[in-house]
Amino acid sequence: MGQLQLNKLTKQFTDHLAVDQIDLQVNDGEFVVLVGPSGCGKSTTLRMIAGLESISSGDLILNGTRLNDTHSSNRNMAMVFQSYALYPHMSVFENIAFGMKVRKVNKNIIKQEVEKAAKILQLENLLNRKPGELSGGQKQRVAIGRALVREPEVFLMDEPLSNLDAKLRTKMRSEIKELQQKLKATMIYVTHDQVEAMTMGDKIVVMKDGQVQQIGAPVDVYNKPINRFVGGFIGSPPMNFTQGVLSNEGGKLQLMTEQHSIILSHDENIALQEYVGKKLLIGVRPEEITLGNEGDEYSYSFTVTNTEVLGKESLIFYTFDEHNMWNAKLFDQYTYQTGDTISLQLKPEVMHVFDADTEERLADHYQLSAN
Amino acid sequence: MNTTKDKIIHVFSTACIILLSFVWIIPLMWSISIAFRPANDVYKGLFDISGITFENFVNAWNEAPFGSYYIATIIIVVGILCVQLVTSVLAAYAFARLEFLGKNVLFVLFIVQLMIPADVLIAPNYEIISDFGLIDTKIAVMLPYFASAFSIFLLRQTFKQVPIEFDESAKMEGASMWNILTKIYIPMAKPTLTALTLTVGSFHWNNYLWPLIVTNSEENRPLTVGLSVFSASSESGANWATVTAGMLFVILPLLIAFIIFQRQFINSFMHAGLK
């Protein structure tokens with residue numbers, strides 16, 4: 001398997017810059033997920049790696065060899081497309097064997113390889129069927145099978161689960177991850193679904209407007225989002241934000257927002273003191289908000305706008321202030337009605353502190369959490 | 001829900017279809033019945049089939065070189081089909097998938113050809129064929145039809161519907177452009193190609209004016225021209241029984257083909273969006 005390096009990789013289309021100087025190291029056997037909203041440049045990056053899109057500038061290096069000018073067929077990479085790209089007039093066997101046939105591989109070897117891949121992917125009984133006779137999940141497996149027989153250095157996957165229903169997507173997610181671990185394959189996976197990114201990747205690359213926002217292990221990105229965008233994008237439901245001016249009220253650090261004074265710390269020696277009188281941006285994940293009691297130090301009252309019961313969890317939507325709608329994910333079933341008042345606890349240690357102007361996360365020593 | 005209005009429309013359209021079928025089938029049945037009648041019984045009632053005879057077919061076959069006309073027609077139709085399908089497939093792929101300078105202008109020029117009636121081109125085409133010294137050859141009949149704006153347009157539209165990922169996936173697997181065209185695009189365009197083969201084939205089987213203009217000799221004449229010469233000749237001398245027998249020689253292969261391939265005929269037109 002291969003080790004891939006992207007050095008200042010850029011894609012300039014005639015009218016816009018799609019990918020802006022991306023640096024990325026994909027280690028041997030690593031599962032890297034490129035994640036971001038539509039139009040962030042993740043698919044273009046993958047297509048540049050695949051050789052389906054020319055590279056405007058920068059270097060693409062696989063196992064020490066520069067691949068910028070190498071034809072896609074000679075890059076030893078295999079790609080699984082969002083639409084699966086299965087040829088409808090060919091059987092499953094022919095689809096998987098297509099690449100080997102055009103490369104004029106011996107027929108016996110083709111048969112052997114296809115059967116091997118079919119066994120891994122549990123497609124043995126479907127080899128004579130046409131793609132039109134397969135379910136979404138089976139089609140997906142055939143597409144993976146076609147990539148598998150190529151024995152590539154790097155597997156590239158472009159939103160391969162987006163055409164599947166939610167249940168099947170969950171199943172295929174774990175199947176792909178298991179397969180990657182079994183084969184110890186180097187895999188680059190593109191998705192706009194942050195749940196896929198969080199659950200599948202060894203490393204996730206969050207992108208926006210053609211630029212990399214943050215690279216890291218999913219948990220690290222979740223725990224320490226580098227800016228407001230990453231905080232809002234990674235995690236479901238998204239992080240809540242509010243802005244306010246930091247004030248020191250008799251030794252108590254508070255964020256003065258439109259309607260609330262949010263207590264951040266009682267510690268006068270905290271580094272955040274430097275920001276007193278300045279604007280700050282605070283982010284709180286819905287799942288870190290808990291029910292509070294009126295009168296509790298960290299409890300605040302809000303007006304409920306909507307409640308969604310998700311089985312054993314409830315999603316409470318409420319008005320934080322005139323400009324910010326927040327939500328809280330509470331464990332248990334709650335049936336608050338619109339207009340009800342709810343008391344919720346916002347403990348300082350669950351807050352992420354960002355610069356209000358740059359929206360960048362403040363350094364660790366300014367954060368209120370233990371880390 | 002079926003309203004009274006719907007029912008009236010349904011009955012009216014069915015009646016129209018039946019009427020049209022009669023308009024189409026009566027001359028055909030009449031011709032067939034005449035072809036099987038003794039020459040003296042031609043005017044003896046519309047569908048009088050007493051005294052069936054094959055004599056008219058024997059006479060027609062002996063009086064005119066229908067064998068030679070068949071061979072010429074088959075060569076011309078197959079020749080046009082083979083070359084036209086190859087040129088159309090290649091041009092359609094280029095217009096659908098390749099990027100080259102002036103592609104759009106060139107395509108518009110091709111489309112403009114669709115608007116020019118074929119008859120307008122008879123004189124200039126004749127001049128070119130004559131300049132090449134090809135008058136009275138089978139190639140002269142075929143040459144103007146080796147490329148067709150209609151076929152190119154139709155195939156280009158079909159090729160454009162093939163997802164681009166098929167190309168990309170195949171390219172990554174090491175397939176050449178030729179591989180992609182022959183193994184992916186052509187098989188996927190089968191319904192359109194079948195529809196084209198049937199329309200182009202039947203058009204050229206029945207084509208009359210152009211072959212009449214550029215052919216003089218028996219061995220280069222297709223069936224349509226041969227029949228016209230035969231019906232006007234002294235041998236047939238307004239012998240309608242022999243002439244209709246000769247006419248059946250012309251239309252019989254198409255009729256049989258239609259009866260056998262009726263389903264494919266209709267399906268392919270539906271698939272190709274030609275209905």
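Throughout, a chain's letter reflects where its sequence line sits, starting with A, and its residues are numbered from 1. The basis for the numbers below is simple: all heavy atoms, side chains too, and nothing from hydrogens, waters or symmetry mates.
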### Task
In sequence, state the C-alpha distance, the side-chain angles, and the governing distance for R75(A) and M172(B), and then conclude on side chain to side chain contact (heavy atoms under 4.5 Å, CB included).
CA-CA 8 Å; R75(A) 293 190 180 193; M172(B) 285 193 73; over 6 Å; no
Check this for me: [X], atom [atom1], are more than 12 non-hydrogen atoms of other residues, nucleotides or ligands nearer than 6.0 Å?
X: F132(B); atom1: CZ; answer: no
X: L101(B); atom1: CG; answer: no
X: F12(B); atom1: CZ; answer: no
X: K160(B); atom1: NZ; answer: yes
X: K111(A); atom1: NZ; answer: no
X: H71(A); atom1: NE2; answer: yes
X: D165(A); atom1: CG; answer: yes

### Query
At their closest point, which heavy atom of F98(A) faces which heavy atom of I184(B), and how far apart are they?
CZ-CD1, 3.9 Å
### Region of M90(A) that comes under 4.5 Å of a non-hydrogen atom in chain B
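Side chain of M90(A) only, per the 4.5 Å heavy-atom cut-off to chain B.
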### Task
Would you give the length of the straight line joining atom NE2 of H89(A) to atom CD1 of I186(B), rounded to the nearest 0.5 angstrom?
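CD1 of I186(B) is found 10.0 Å from NE2 of H89(A).
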### Query
What's the spacing between K183(B) NZ and Y87(A) OH if we round to 0.5 Å?
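So the NZ of K183(B) and the OH of Y87(A) are separated by 11.5 Å.
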### Query
Quick one: of G174(B), P163(B), S169(B), who has the most non-hydrogen atom pairs under 4.5 Å with chain A?
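Maximum pair count with chain A is reached by S169(B).
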### Query
Between E168(B) and M79(A), is a side chain to side chain contact (heavy atoms under 4.5 Å, CB included) present by the stated rule, with each step listed?
CA-CA 9 Å; E168(B) 294 177 342; M79(A) 184 147 159; 5.8 Å; no
### Message
Heavy-atom pairs under 4.5 Å with chain B - which of A50(A), A78(A), G99(A) has more of them than the others?
### Response
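The residue among A50(A), A78(A), G99(A) with the greatest pair count is G99(A).
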### Query
Highest number of heavy-atom pairs under 4.5 Å with chain B: which of A143(A), G51(A), S83(A)?
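The option with the most such pairs is S83(A).
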